[in-house]
2 protein chains.
Amino acid sequence: MPARTPLDANAILAATEEILRRHGPDKATVVDVARALGVSHAAVYKHFPSKQALREAVTRRWLDRNRDALAVIAADSAVPPAQRLRTWLHAVLAVKQAKIREDPELFAAYGILAAAHSSVATDHVADLLGQLTAIIADGAADGSLRTDDAEATARVVFNATAKFNHLAHAAEWQNPGIGAELDEVCGLLLEGLHAPTSP
Amino acid sequence: MPARTPLDANAILAATEEILRRHGPDKATVVDVARALGVSHAAVYKHFPSKQALREAVTRRWLDRNRDALAVIAADSAVPPAQRLRTWLHAVLAVKQAKIREDPELFAAYGILAAAHSSVATDHVADLLGQLTAIIADGAADGSLRTDDAEATARVVFNATAKFNHLAHAAEWQNPGIGAELDEVCGLLLEGLHAPTSP
DNA sequence: CAAGTTACAAATTTTGACATCTGTTACCAA
DNA sequence: TTGGTAACAGATGTCAAAATTTGTAACTTG
């Protein structure tokens, strides 16, 4: 007997996201997902090769939504690049803080994937680095930010703000002073990026 | 029957460190420590109020050795403060990399303590921040580093180099490019600290 | 009384039988 | 052939009983 709805990858992803939110990443089995969809778990395996792949797909979809929200800020040419850089870095933090509050289970699932060295995590970092590179390139173009290589500089800025974007620090993001700390780091980095060509 | 050696706090710490190295942090019980010393486990409790306190004492001793090694670099007034800052930050990373390689079990024990919000971890960070503050204050004194408040600036630099000093990133320290990344971050931070008084 | 012991309750960890889950294969229906 | 099921082996997770560990107290000895 076929399922009421024809069961496509998207329906599976939506159901998985729901289960994940409700049960948490540990207790979200593919049997549960299948049950929620009214099919046998083997049916799910027709669409995703493994539980890992399913989890990655869900997480990727969720991260892509974040990426798109941040891209709007990164591409806002109405804001001067230096200030845009600062705003964007704050937004990266704010988006993750919000996700921890709203979808702690999904956030935990992302943490597990990142720890497992999934390509989802590295791709996400690559996306963010791309946006950062674009901001810095804009700054280089209008002379407001000094850099030889926007991409290399983006990596440096990203590394220097690891405390505010790397999952490993998620626990510290609840600390009330965290925004001020990021602001101070931004300040020092922007001093460095503004500086007239070295001594 | 008294133990051969009179059993002082130091002997217990040494034995615990040995057990910790051999068995790892999870399987290092105070019964094991007592057995290694040829006494009953109750004897150990005469010297340390709890297992937690014993572990903290071991870890503190180990961290203090690191702190002292770094203090030598921080206080080396023969090296100009800017370069000293760079060298010191590299040393912080190098010391931890070496410990991971040599004493992975002890390093893991420190990680557990840090996660448990033990004062050992926060004290260690305070020690490091003190050394960093001293370097920056030296730079402010001889005019080579620009800062209003050496302590605040030290915090900013420490936050900006979290990827290279915070335990949460220990896994990334095996990456071969990590030293170069730190160097790049140092470069940008020093640009910021060198910059002539703002705009 | 200083430094240790034995003995013990409560908390924690380990163990092992049992249940569930993952991923595969053979099969069925439109 | 597409889209599903049922049945299965092996891996993984669960749960309660058993063993160990933590921490305390009353006791021993020089």
Side-chain angles (χ1 to χ4, degrees), chain A residues 1-59 105 108-109 111-113 115-118 120, chain B residues 1-59 105 108-109 111-113 115-118 120:
Chain A
M1 189 210 315
R4 303 153 153 264
T5 313
L7 188 64
D8 62 342
N10 221 42
I12 295 175
L13 288 178
T16 306
E17 197 167 319
E18 182 57 25
I19 298 279
L20 220 41
R21 231 188 291 271
R22 202 194 311 279
H23 292 39
D26 292 336
K27 174 57 193 153
T29 72
V30 352
V31 171
D32 282 333
V33 172
R35 191 160 30 230
L37 289 163
V39 298
S40 72
H41 78 279
V44 173
Y45 279 93
K46 296 288 180 184
H47 296 266
F48 293 92
S50 68
K51 178 184 183 174
Q52 169 92 346
L54 176 57
R55 279 212 300 206
E56 288 190 5
V58 170
T59 308
E105 313 301 3
I112 289 168
L113 283 182
H117 296 100
S118 159
V120 173
Chain B
M1 189 212 307
R4 302 154 153 264
T5 314
L7 188 64
D8 62 344
N10 221 42
I12 295 175
L13 289 177
T16 306
E17 197 167 317
E18 183 55 26
I19 297 279
L20 220 40
R21 232 187 290 273
R22 201 193 314 277
H23 293 38
D26 293 336
K27 174 57 193 156
T29 72
V30 353
V31 172
D32 283 334
V33 172
R35 191 162 30 232
L37 289 163
V39 298
S40 73
H41 78 277
V44 174
Y45 278 93
K46 297 287 182 185
H47 295 266
F48 293 92
S50 69
K51 180 185 183 173
Q52 168 91 347
L54 176 57
R55 278 213 301 206
E56 289 192 5
V58 170
T59 309
E105 311 302 3
I112 289 169
L113 281 182
H117 295 100
S118 160
V120 174

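Per chain, numbering begins at 1; letters A, B, ... match sequence-line order. None of these values were measured; they are calculated from a predicted model.
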Atom pair distance, as rounded to whole Å: [atom1] in [X] and [atom2] in [N]:
X        : N       : atom1 : atom2 : result
Ile12(B) : dA3(C)  : CD1   : P     : 11 Å
Lys51(A) : dT24(C) : NZ    : C1'   : 17 Å
Arg35(B) : dT20(D) : CZ    : P     : 10 Å
Gln52(A) : dC21(C) : CD    : P     : 19 Å
Lys46(B) : dT5(C)  : NZ    : C1'   : 9 Å
Phe48(A) : dC21(C) : CZ    : C1'   : 18 Å
Ile19(A) : dC21(C) : CD1   : P     : 11 Å
Arg55(A) : dC21(C) : CZ    : P     : 15 Å

Measure from the side chain of [X], starting at C-beta and using heavy atoms only, and say which of [options] lies closest.
X        : options                  : answer
Tyr45(B) : dT24(D), dT5(C), dA6(D)  : dT24(D)
Val31(A) : dT22(C), dT5(D), dT21(D) : dT22(C)
His41(A) : dC21(C), dG23(C), dG4(C) : dG23(C)

Using OP1 and OP2 only, check whether a side-chain N or O of [X] sits under 4.0 Å from [N].
X        : N       : answer
Lys27(A) : dT20(C) : no
His47(A) : dG3(D)  : no
Ser40(B) : dT5(C)  : yes

Is the shortest heavy-atom distance from the side chain of Asp26(B) to the side chain of Ile112(B) under 4.5 Å?
-> yes
Taking it one step at a time, do His41(A) and Asp32(A) satisfy side-chain contact (heavy atoms from CB on, under 4.5 Å)?
-> CA-CA 8 Å; His41(A) 78 279; Asp32(A) 282 333; over 6 Å; no
Identify the residue among Val58(B), Leu37(B), Val30(B) that makes a side chain to side chain contact (heavy atoms under 4.5 Å, CB included) with Ile12(B).
-> Leu37(B)
Minimum-distance pair of heavy atoms, taken over all atoms of Arg55(B) and Pro25(B) | NH1-O, 3.6 Å
Spacing of Leu54(B) atom CG and Leu13(B) atom CG [to the nearest 0.5 Å] | 6.5 Å
Nearest-nucleotide check on DNA chain C, Asp26(B) vs Asp32(A); residue mapping nearer the 5' end is Asp26(B)
